[in-house]
Amino acid sequence: MTTPDLQDAFDHHVWASLRLIDACAQLTLDQLAQAVPGTYGPIIDTVRHLVGADAWYLFVITGERTPRMDEDRMELAELRSQMEGHGALWSSVLAEGRGPETEIVAYRRDDGAESHAPLGIRLAQALHHGTDHRSQICTGLTSLGVEPPDIDVWAFGELDGRVVDIPAGA
């Protein structure tokens, strides 16, 4: 069996989110409540939104087979547990081998309006959304004088030995 094309991307997405949640777990309640201009809002609200939206994307993409979550009052430990579970859910979605360009995923909103988009667009949005808000959380950490963890894709690849730097002349 081959690895689905987007597996690395979604594995990184979950890994990077978990690393940031772990970094945020070291903050005080006042620091978590810190808002930074130009970002979603307070760090805790941004983490909640990041994880809650990820659950929503899974809910829509799986045809409502995965549960939505009410993240508004969840603490970091609960959010971490949820995000950890998303790894297996994303793997399951990718393993289905659905056609990202040919399958249209529809979602009916509470007001009766509908959104139709190819599966590939919805997958790309889930990744983009996560990256955008992780960046905002890193900005929040930096504004507090806290060094954010290295969460780029290179660091992810180096972690499991699939990215290797070889010095010149070696």
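- By the salt bridge (Lys or Arg N to Asp or Glu O under 4.0 Å) test, R68 pairs with no residue at all, sequence neighbours left out.
- M83 CE to D54 CG: the interatomic distance, rounded to the nearest 0.5 Å, is 4.0 Å.
- In this structure, P149 and L20 have side chains that are in contact, with non-hydrogen atoms separated by less than 4.5 Å.
- To the nearest 0.5 Å, the span separating CZ on R65 from CG on L89 amounts to 10.0 Å.
- Checked by atom type, the side-chain pair H133/Q136 shows a donor-acceptor distance below 3.5 Å.
- Taking the side chain as every heavy atom from C-beta outward, S92 and T62 never approach each other to under 4.5 Å.
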- Test side chain to side chain contact (heavy atoms under 4.5 Å, CB included) applied to W90 and L6, step by step: CA-CA 10 Å; W90 283 120; L6 292 173; over 6 Å; no
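- Sequence neighbours left out, not one pair with a member in residues 139-155 passes side chain to side chain donor-acceptor pair (under 3.5 Å).
- Applying the 4.5 Å side-chain rule to ILVMFWY residues, one finds that Y40 remains a lone member of its cluster.
- For the pair T66 and V93, the minimum side-chain heavy-atom distance is 4.5 Å or more.
- Using a 4.5 Å cut-off on side-chain heavy atoms (C-beta onward), L76 and L27 make no contact.
- Shown here for A23 and L141, the closest heavy-atom pair between the two residues is CB-CD1, 4.3 Å.
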- Query: After noting the C-alpha distance and the side-chain angles of I44 and C24, does the key distance pass the side chain to side chain contact (heavy atoms under 4.5 Å, CB included) rule?
  - Reply: CA-CA 8 Å; I44 186 64; C24 291; over 6 Å; no
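- Applying the ring pair (Phe, Tyr, Trp, His ring centres under 6.0 Å) test to F156 and every residue at least two apart in sequence or in another chain returns H12, W15.
- The two residues L119 and G99 make their nearest non-hydrogen contact at CB-O, 4.2 Å.
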- Task: Verify side chain to side chain contact (heavy atoms under 4.5 Å, CB included) between M69 and M74, making sure each step is shown before the conclusion.
- Result: CA-CA 10 Å; M69 58 181 276; M74 293 178 84; 3.2 Å; yes
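- Remark: D160 pairs with R162 by the salt bridge (Lys or Arg N to Asp or Glu O under 4.0 Å) rule, at least two apart or across chains.
- Clustering of Ile, Leu, Val, Met, Phe, Trp and Tyr by side-chain heavy atoms under 4.5 Å joins V153 with none of the others.
- The two atoms that bring P118 and P100 nearest to each other are CB-O, 3.6 Å, heavy atoms only.
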- Message: Walk me through whether L79 and R48 qualify under side chain to side chain contact (heavy atoms under 4.5 Å, CB included).
- Response: CA-CA 7 Å; L79 293 164; R48 287 173 176 148; 3.6 Å; yes
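- E114 is linked by a salt bridge (Lys or Arg N to Asp or Glu O under 4.0 Å) to R108, counting only residues two or more places apart in sequence or in another chain.
- Annotation: D111, atom CG; neighbour count of heavy atoms from other residues, nucleotides and ligands within 6.0 Å is above 12.
- Rounding to the nearest 0.5 angstrom, the gap separating the CG atom in L144 from the CD atom in Q31 is 5.0 Å.
- Evaluation of the side-chain contact (heavy atoms from CB on, under 4.5 Å) rule for L127 yields A9, F10, H13 as partners, not counting sequence neighbours.
- Here the shortest heavy-atom pairing between L18 and E84 reads CD2-N, 3.8 Å.
- Between H86 and A55, the shortest heavy-atom contact is CE1-N, 3.5 Å.
- Contact check for L50 versus R134: side-chain heavy atoms found under the 4.5 Å cut-off.
- Remark: V60 engages W56, V105, Y107, R122 in a side-chain contact (heavy atoms from CB on, under 4.5 Å) (not counting sequence neighbours).
- With sequence neighbours left out, S91 forms a side-chain contact (heavy atoms from CB on, under 4.5 Å) with Q7, D11.
- Residues satisfying the salt bridge (Lys or Arg N to Asp or Glu O under 4.0 Å) criterion with R109, sequence neighbours excluded, are absent altogether.
- With sequence neighbours left out, the side-chain contact (heavy atoms from CB on, under 4.5 Å) criterion links D22 to R80.
- Counting only distance, with no hydrogens or angles, the side chain of E78 and the backbone of E75 share a donor-acceptor pair below 3.5 Å.
- Proximity of L123 to I61: side-chain heavy atoms (C-beta onward) are separated by under 4.5 Å at one or more points.
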